Structures are given as structure tokens and as C-alpha cells.
Amino acid sequence: MVNESERFIKDFESGSQPRWISLLGTSGNGKTMCGTHLWRRLSRRANWTGCDFFRETIYWPNLIDELRSTQSFEKYIELKRWPILFVDDIFAERDPNGFAVDKLNCLLGSRIGKWTIITANSTVSEIEKVDRRIASRLVRKPNVCVVNMAMDYAFRE
Ligand SMILES: Nc1ncnc2c1ncn2[C@@H]1O[C@H](COP(=O)(O)OP(=O)(O)OP(=O)(O)O)[C@@H](O)[C@H]1O
Ligand SMILES: [Mg+2]
């Protein structure tokens with residue numbers, strides 16, 4: 001996770017083709033912390049001209065809650081064009097009618113070719129069962145997917 005994260009920062013700073021990094025795996029092993037670090041490094045150097053909303057990390061289940069109650073729609077639209085986006089904890093929300101997966105598909109479809117950081121508490125094959133297209137995009141070059149199955153920090157001696 002650390003090596004790939006360093007490579008992501010280096011690619012961004014050297015002006016490489018924008019891509020995604022997805023940090024997947026078991027709970028409590030530092031995915032959000034790592035994603036937040038990447039977001040801080042990239043967001044302060046990105047060009048935010050023309051973006052109205054406060055730049056923040058997006059906790060996906062919260063955004064879905066807001067969208068369900070018809071809030072944050074304009075923010076959701078703007079996320080599609082942010083120069084750098086961190087969506088934390090995709091697929092962590094309950095999604096009985098497929099609303100969240102539709103919103104995610106549409107968001108990620110618009111993020112192709114833009115710097116994007118993603119975390120999920122799932123494996124690629126679990127994601128594939130929910131939505132094949134999202135799984136395919138996560139692993140499709142130049143995007144990189146890191147699977148971290150390290151033990152939860154909370155349960156370490
Ligand atoms: N490298 C590290 N060394 C020590 N503690 C760490 C490290 N990375 C994360 N932690 C601690 O582990 C806890 C869980 O980290 P984090 O929230 O990033 O995990 P996560 O993988 O996103 O978990 P979840 O899948 O449940 O969202 C945090 O309290 C954090 O302080
Ligand atoms: Mg997390």
C-alpha cells in the first residue's frame with residue numbers, strides 16, 4: 001500500500017496521465033488513513049479554479065444518505081469534475097434498491113482520466129458480484145488496485 005501510494009504521489013507530481021488508486025481490503029488496517037494522506041498531498045497542489053464547494057474527503061455512505069434525502073445533489077455533480085477526489089468506503093452503505101451503485105457508477109464513469117482515490121472494505125471479486133463494471137474500472141490500466149489484508153490495528157498486541 002505504501003509503495004503504490006508513493007508511486008501515485010510521484011506520478012501526480014511529475015504530471016503523468018491522471019489515474020485512480022483503490023485501496024481495498026479488510027477493516028481497520030489503515031486504508032482511510034493512507035487515502036487521507038494521499039488526498040492532502042494531491043489536493044493542495046491541484047488546480048481548483050471554478051470549483052464552488054468546500055474541498056473535502058467524501059465519506060461515500062454519508063453522501064448517499066444525503067442524496068437519498070435530496071440534499072447534496074449539486075455537490076455530487078461537482079465531484080465529477082474535481083481535479084482530485086477521495087471517495088472513502090464505497091459499498092459500505094446499505095443499498096436495497098441499487099440507488100447507491102447507480103450513483104457510484106455514474107460518478108466513477110465521470111472520473112475516468114482524473115486523479116481519484118478510492119477505499120473499500122471489499123475485495124475485487126466481492127465488488128465484481130455487485131457491479132462488474134465498477135470492478136473492471138478499478139483494475140483497468142492505468143488505474144491501480146491495492147489489496148491490503150493486514151490485520152486490524154485495533155487487534156494487534
Ligand atoms: N500505519 C499505522 N500505524 C499505526 N496505526 C495505524 C496505522 N494506520 C492506521 N492506523 C490506525 O488504525 C485505525 C484504523 O485505520 P483506518 O481507519 O485508516 O482503517 P481502514 O482500513 O480505513 O478501516 P475500515 O475498513 O474499517 O474503514 C486508526 O485508528 C488508525 O489510527
Ligand atoms: Mg476506512
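For ligands, and for the atoms within them, numbers begin at 1 and follow the listed sequence. Keep in mind that the numbers below use all heavy atoms, side chains included, and drop hydrogens, waters and symmetry copies. Nothing here was measured: the structure is a model prediction, and the numbers come from that model.
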* Hey, is atom 28 (C) of ligand 1 touched by any protein heavy atom at less than 4.0 Å? -> no

* To do: Taking the six-membered ring for Trp and the full ring for Phe, Tyr or His, determine whether the centres of W48 and W82 are under 6.0 Å apart.
  => yes

* Of A92, A120, G28, which has the heavy atom at the shortest distance from atom 13 (C) of ligand 1? -> G28

* Side-chain contact test, heavy atoms from C-beta onward, threshold under 4.5 Å: evaluate it for T36 versus I117 and give yes or no. => no

* Any donor-acceptor N/O pair, R45 side chain to E13 backbone, under 3.5 Å -> no

* Nitrogen or oxygen of M33 less than 3.5 angstrom from that of ligand 1 -> yes

* Does T32 bring an N, O or S atom to within less than 2.8 Å of the Mg ion (ligand 2)? -> yes

* To do: Measure N29 to ligand 1 on non-hydrogen atoms and call it side chain, backbone, both or neither using the 4.0 Å cut-off.
  => both

* Asked: Tell me, which protein residue and heavy-atom name are nearest atom 22 (O) of ligand 1, and how many Å apart are they?
  -> T32 OG1, 2.7 Å

* **Distance flag for atom 5 (N) of ligand 1, protein heavy atom under 4.0 Å** => yes

* Electrostatic pair R7:E4 at N-O distance under 4.0 angstrom -> yes

* Strictly by modelled atom types, are R111 and T116 linked by a side-chain donor-acceptor pair under 3.5 Å? -> yes

* **Closest approach of any protein heavy atom to atom 19 (O) of ligand 1, naming residue and atom** => G30 N, 3.1 Å

* To do: If you have a sec, work out which protein heavy atom is nearest atom 25 (O) of ligand 1 and how many Å separate them, to one decimal?
  => K31 NZ, 2.7 Å

* Measuring from N121:CG to N29:CG, what's the distance to the nearest 0.5 Å? -> 8.0 Å

* Asked: Under 3.5 Å between some N or O of ligand 1 and some N or O of C34?
  -> no

